Amino acid sequence: MSADSPAPRSARPLTPPEPQPPASAVRRALARARDGKSLDPAEAAILLHSRGDQLTELLSYAARTRDNGLAAAGRPGVITYSRKVFIPLTRLCRDRCGYCTFVTVPGRLPSPYLSPDEVLRIAAEGAALGCKEALFTLGDRPEARWPQAREWLDAHGYDDTLSYVRAMAIRVLEETGLLPHLNPGVLSWQDFQRLKPVAPSMGMMLETTAQRLFTERGGPHFGSPDKDPAVRLRVLEDAGRSSVPFTTGILIGIGETTDERVDSLLAIRDLHERYGHIQEVIVQNYAPKPELRDAPREGVGQLEVAATVAAARCILGPDVSVQAPPNLNPGATAMLLAAGLNDFGGISPVTRDFINPEAPWPRVAALAAECEAAGYELRERLTIYPHYIDKPGFLDEGLRELTSALTAAIA
């Protein structure tokens with residue numbers, strides 16, 4: 001093993017077996033979903049087991065909730081996506097997640113970070129093709145693990161990775177007119193204050209609240225300090241305290257149970273009810289990575305994805321956007337729309353999905369046709385959702401002029 005190779009991992013723990021709930025319990029949970037009542041953890045978990053006619057019923061309630069929310073927002077029948085470029089600022093990370101192919105080691109990269117010229121080339125190419133968003137993706141604080149990252153930052157005059165993120169966000173804003181959306185991982189309250197003036201939105205996947213997947217040897221988050229659920233929930237809370245329009249979500253199929261999946265959604269709901277800052281929740285199904293020895297070998301089936309999207313909609317209500325990546329669910333557009341989804345996330349005409357490079361983006365025209373066939377219109381949106389632009393305290397005044405101009409461009 002070379003010095004740059006990550007430490008070997010134990011086999012992934014199996015998801016504990018789950019008994020099917022009685023049909024009567026499913027009927028009771030469905031009745032509460034039908035009536036729009038707040039679901040407790042047990043009821044929400046039961047909904048995830050819906051299949052057959054019961055799943056069809058659940059989807060109809062979730063779709064109705066979504067449709068009512070769209071109508072109330074003045075966008076009846078409108079499904080959205082963001083036209084963006086992905087900027088993988090660094091693929092180094094201090095974490096060791098067992099399912100990740102984005103992160104690598106210094107010896108496999110020409111440089112620990114993209115150069116400013118590389119960042120601006122990607123952003124400019126996207127701007128020329130009509131993109132409005134620059135999504136910065138990167139690993140968590142690589143300088144804490146890799147001397148090569150620390151040396152690069154020192155040589156280029158940056159205190160830390162977040163300082164470089166901030167500098168590149170400013171240059172992208174000023175030189176290309178794209179709006180940065182920042183995904184730099186775990187942030188402190190102070191970090192949010194540094195970054196809010198240069199990005200109208202930020203994000204971090206909660207992934208799961210399952211502590212055992214972090215603490216147990218062989219778990220997908222074992223040895224990854226930034227994947228402690230308590231730490232990630234604190235980030236979501238600090239985003240709310242900072243009035244940052246925030247994207248989060250759950251990653252399904254990494255060994256979590258149904259109860260743990262529901263607990264994650266309820267935690268997001270509770271934080272949003274306190275701060276009103278969660279603009280979208282992604283239900284992201286894990287895509288198998290055959291090249292990773294200890295990662296899950298099977299993905300999540302379409303029915304399970306649909307049930308999870310529908311349960312998320314019933315838990316989160318009509319106002320929070322619920323999203324599922326279309327490139328991870330090919331052929332499932334109609335089912336996802338039926339499940340209450342209202343957004344397909346970022347789609348790029350320039351860059352691949354660096355997190356799931358094996359999954360190509362759908363053509364926007366083809367996705368729009370699928371939406372039309374289901375009775376919906378696909379429209380472009382910005383990285384900041386419309387209702388946060390005028391919500392007091394949520395958009396830095398220095399970003400307002402550009403945001404207004406881009407809003408007019410897609411109207």
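All figures in this text were calculated on a predicted structure; none of them were measured in a lab.
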Please list, chain by chain and in numerical order, all residues satisfying ring-ring contact (aromatic ring centres under 6.0 Å, His included) with Y376, sequence neighbours excluded. none
To the nearest 0.5 Å, how far apart are CG in L236 and CG in L271? 6.0 Å
Starting from the C-alpha separation in whole Å, work towards a yes-or-no answer on side chain to side chain contact (heavy atoms under 4.5 Å, CB included) for L47 and L30. CA-CA 7 Å; L47 291 181; L30 284 169; 3.8 Å; yes
Over 60° means perpendicular and under 30° means parallel, so tell me whether W152 and Y158 are parallel, tilted or perpendicular. parallel
Under the 3.5 angstrom rule, does the side chain of D95 hit a backbone N or O of D226 as a donor-acceptor pair? yes
Do R34 and E57 meet the salt-bridge criterion of a basic N to acidic O distance under 4.0 Å? no
Flag side-chain contact, heavy atom, 4.5 Å: N342 against Q323: no
Give a yes or no on this: more than 12 heavy atoms of other residues, nucleotides or ligands lie within 6.0 Å of atom CD of Q20. yes
Is there a side chain to side chain contact (heavy atoms under 4.5 Å, CB included) between V105 and W146 once you walk through the steps? CA-CA 9 Å; V105 295; W146 299 109; 3.9 Å; yes
So, for V85 and C131, which heavy atoms are closest and what is the spacing to 0.1 Å? CG1-SG, 3.9 Å
Pair E43 + K37, salt bridge at N-O below 4.0 Å: no
Within the side chain of S264, is there an N or O that forms a donor-acceptor pair under 3.5 Å with the backbone of T209? yes
Would you check if there is a donor-acceptor pair between the side chains of N183 and T137 at a distance under 3.5 Å? no
Pick from R141, R166, R194: which one makes a salt bridge (charged side-chain N to carboxylate O under 4.0 Å, His left out) with D160? R194
Begin from the C-alpha positions of R91 and R108 and carry the test side chain to side chain contact (heavy atoms under 4.5 Å, CB included) through to its verdict. CA-CA 10 Å; R91 292 179 59 200; R108 296 177 180 172; over 6 Å; no
Nearest heavy-atom approach of Q211 to P229 is OE1-CD, 3.4 Å
Under the criterion side chain to side chain contact (heavy atoms under 4.5 Å, CB included), I'd like the reasoning laid out for I254 against H221: C-alpha separation, chi angles, the key distance, then a yes or no. CA-CA 10 Å; I254 58 171; H221 293 155; 4.1 Å; yes
Would you say that V198 contacts P180 through its side chain, given a criterion of any heavy-atom pair below 4.5 Å between the two side chains? no
Separation between CG (L114) and CE (M168), nearest 0.5 Å, reads 10.0 Å
Checking E401 side chain against G398 main chain: does a donor-acceptor pair fall under 3.5 Å? no
From D159 atom CG to E143 atom CD, the distance as rounded to the nearest 0.5 Å: 10.0 Å
Which residue is it: L182, D140, V244, L195? I am looking for the one with a side-chain contact (heavy atoms from CB on, under 4.5 Å) to L187. L195
Heavy-atom closest contact (F354 atom, F102 atom, distance): O-CD1, 3.6 Å
Please determine, by modelled atom types, if D191 and S188 share a side-chain donor-acceptor pair under 3.5 angstrom. yes
Side-chain (D353) to main-chain (A359) donor-acceptor, under 3.5 angstrom: no
Side chains of I79 and R66: closer than 4.5 Å at any heavy-atom pair? yes
Just wondering, more than 12 heavy atoms not from E372 lying within 6.0 Å of its CD? no
How about F344 and P362: do any of their side-chain heavy atoms sit closer than 4.5 Å? no
CZ-CG distance between R352 and N327, expressed to the nearest 0.5 angstrom: 12.5 Å
Closest heavy-atom contact between R212 and T257? NH2-CG2, 3.7 Å
G249 versus V281, closest heavy-atom pair with distance: CA-CG1, 4.0 Å
To the nearest 0.5 Å, what is the distance between CZ (R121) and CD (E118)? 6.5 Å
Pairwise side-chain contact, P386 with T407, heavy-atom cut-off 4.5 Å (strictly under): no
Is the backbone N or O of A42 less than 3.5 Å from a side-chain atom of D40, with the two atoms forming a donor-acceptor pair by type? yes
Would E133 and S82 count as having a side-chain donor-acceptor pair, cut-off 3.5 Å? yes
How would you list, by chain and number, every residue that makes a salt bridge (charged side-chain N to carboxylate O under 4.0 Å, His left out) with D238, sequence neighbours excluded? R234, R241
Between R75 and A72, is there a donor-acceptor pair closer than 3.5 Å when you use the side chain of the first and the backbone of the second? no
Side-chain contact, heavy-atom cut-off 4.5 Å: M335 with L303? yes
Could you tell me whether the side chain of R313 and the main chain of G340 form a donor-acceptor pair under 3.5 Å? yes
Determine yes or no for a side-chain-to-main-chain donor-acceptor pair under 3.5 angstrom, with K391 supplying the side chain and P245 the backbone. no
If you count every heavy atom of other residues, nucleotides or ligands that lies below 6.0 Å from D35 atom CG, does the total exceed 12? yes
For residues W361 and S348, is any side-chain donor paired with an opposing acceptor at under 3.5 Å? no
For a quick test of reading the model, state the closest non-hydrogen atom pair linking N285 to L251 and the distance between them. C-CD1, 4.3 Å
For D343 and S321, test the side chains for any donor-to-acceptor distance below 3.5 angstrom and give the result as yes or no. no
Hey, are the side chains of F86 and I355 touching, using non-hydrogen atoms and a 4.5 Å cut-off? no
Ignoring hydrogens and angles, tell me if any N or O in the side chain of K196 forms a donor-acceptor pair with the backbone of S243 under 3.5 Å. yes
Under 3.5 Å, is there a donor-acceptor pair between the side chain of T258 and the main chain of A45? no
Give me the one residue out of K132, Q279, H181 that meets side-chain hydrogen bond (donor to acceptor under 3.5 Å, both in side chains) with T383. H181
Answer whether the closest heavy-atom distance between the side chains of Y385 and S201 falls below 4.5 Å. no
To the nearest 0.5 Å, how far apart are NE2 in H277 and CE in M202? 11.5 Å
